[in-house]
There are 2 protein chains.
Amino acid sequence: MTATREPRRGRPPGGAPRLTRVAIVDATLEVIDADGIDAVSMRSVAHSLGVDAKSLYNHVAGKDGLLDAVAEQILGSVRLPEPTGDVRGDLRAIGDAFRDGALAHPRAAPLVLTRRLTSLTALAPVEAVLGVLSTAGCPPRDAVPLLRGLVAALAGTLLREVRAGPARGAADAPGIARRQAVLERSGLPHVAEAAADLSRFDGDAEYAYALDLALDAVTARLGERRATGARRALSRE
Amino acid sequence: MTATREPRRGRPPGGAPRLTRVAIVDATLEVIDADGIDAVSMRSVAHSLGVDAKSLYNHVAGKDGLLDAVAEQILGSVRLPEPTGDVRGDLRAIGDAFRDGALAHPRAAPLVLTRRLTSLTALAPVEAVLGVLSTAGCPPRDAVPLLRGLVAALAGTLLREVRAGPARGAADAPGIARRQAVLERSGLPHVAEAAADLSRFDGDAEYAYALDLALDAVTARLGERRATGARRALSRE
DNA sequence: ACCTGAACACCGTTCAAGT
DNA sequence: ACCTGAACACCGTTCAAGT
């Protein structure tokens, strides 16, 4: 009769591949990619790592800290472009990089877009935008509201895009037809008239349009600022 | 010896004030106002109504349906302004009404801004914006992207504002000083230089600025469209 | 230093049984 | 028509006990 194996307790023997913070974050990202944010639990993540849920607390500040860490890892994966000196092009490139990062994990993107992040990696995109605006001759006092307006517009569109889910483009013809029919029967005249356009959604095109809209506004303000500055300089003579 | 009272089962006697859908939503809103969205549970809401959690299922489609109902009640409380014919002013008034509605329950606002709502009440603001754009001579095809860009910018700023919490304005001087110090030590030159501006946040001013930015872009597009249309009409002669 | 057993105080939700 | 008891399968988190 062999001795029954006692359930293991304490750290497993051997210099085995230890549980690590990034491994936990990666596993969480896999859970989210597969089943969405709501499927994340300390237990589900731990299970996918073959470990007990309570072990995660040695590497992560609870579930909330874990989700923050996921958001920060995504943010940290954004490859910000080198500035070229073309204000509009540079700002657009930053936006594109941000969008690419978000769309790499669409179901996790709301974490990046809605959680308040305080770490240093969260500041890199801010630094990039301020750098471009500074090169354009914009002092911080004026740059910060422009930055915030730009980020708000970008976050707003991306949030809409990832929320729309993978039912993007003209691929989902029956879904479009169904939505259109509902809108036409809404009893709201303008909604009914625009039903065909409201029921469609093309992520790439919507993003490009919304960013263009925001960049129009920002570059217009930069132009104004310069003009005002010039006028002031002139009147000082 | 008195008979011990059996725990009640089944509907309580008398034509008592029955549990109702709006009562449940109101109670949920009170929980959110007091303790935030995370404090909402079927049990906590039911408890505040002196009822069992399972009773809520007779009036609401689970917790998710309950949170949708909260978002829709807030959206339904938005008093949309009568259009005056001034495009920019009318769009701004719609934005203001939306913001007022959101700020009436700041902690619940993320529900309105991030959940995908499908009901008819969610379409009222859409109808309002499309109406204004239509009066301005903008056909649905062009109006829908403008609508979406505008909504994205609005949602983005409001989300930022409600997330910033009640630590708004210059009221929270020590908080501002602390944030500023962190930014100055970030090692990011432009962030450090803009630390004073980045650490401050004035909800009213940020909203006004961001909406102005978006309205600039929208009205510019409307102007272009008209000019293009005029040019087309001209070349057709 | 790091992992788990035991334990606690919670969750959302179904369904039949009651009135 | 509407409410609850019993029940199920979950949660996040603490802390001491182990290696």
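Labels below follow one simple rule: chain letters A, B, ... track the order of the sequence lines, proteins then strands, and each chain is numbered from 1.
- For the C1' atom pair drawn from dA16(D) and dC3(C), the interatomic distance equals 13 Å after rounding to whole Å.
- Taking the nucleotide of DNA chain C with the nearest heavy atom to each of Arg43(B) and Asp52(A), the more 5' of the two is matched to Asp52(A).
- Spacing of C1' atoms, dC11(D) relative to dC8(C), comes out at 12 Å, to the nearest Å.
- Remark: the backbone N or O of Val40(A) is not paired with any side-chain donor or acceptor of Ser44(A) at under 3.5 angstrom.
- Distance, Lys54(B) NZ to dA17(C) C1': 13 Å, rounded to whole Å.
- Looking at Glu72(A) and Thr121(A), their side chains never bring a donor and an acceptor atom within 3.5 Å of each other.
- Per the geometry, CG belonging to Leu56(A) stands 9 Å off P belonging to dC3(C), to the nearest Å.
- In this structure, the nucleotide among dC3(C), dG12(D), dT13(C) sitting nearest to the side chain of Asn58(A) is dC3(C).
- When both distances must be under 3.5 Å, the Watson-Crick or G-U wobble mate of dT14(C) is dA6(D).
- Ranking dT13(C), dT4(D), dC11(D) by closeness to the Lys63(B) side chain, first place goes to dT13(C).
- Under the 4.5 Å side-chain criterion, counting only non-hydrogen atoms from C-beta, Leu56(B) is in contact with Leu19(B).
- Tested against Ile37(B), the residues Thr28(B), Ile32(B), Val31(B) include a single side-chain contact (heavy atoms from CB on, under 4.5 Å) partner, Ile32(B).
- The nearest whole Å value for the distance from the CG atom in Leu66(A) to the P atom in dC11(D) is 14 Å.
- The shortest distance between the side-chain N/O atoms of His59(B) and the OP1/OP2 oxygens of dA1(D) is not below 4.0 Å.
- Checking the phosphate oxygens (OP1, OP2) of dC2(C), no side-chain nitrogen or oxygen of Ser55(A) falls inside 4.0 Å.
- Note: CE (Met42(B)) to P (dT4(D)) measures 13 Å, nearest angstrom.
- Rounding to whole angstrom units, OH of residue Tyr57(B) and P of dA16(C) are separated by 17 Å.
- In this entry dA1(C) has dT19(D) as its Watson-Crick or G-U wobble partner, both defining distances falling under 3.5 Å.
- Within the 3.5 Å criterion, the main-chain N or O of Ser199(A) finds a donor-acceptor partner in the side chain of Arg179(A).
- Rounded to whole Å, the distance from CG on Asp38(B) to P on dC11(C) is 12 Å.
- Rounded to whole angstrom, the span from the NE2 atom of His47(B) across to the P atom of dC11(C) amounts to 11 Å.
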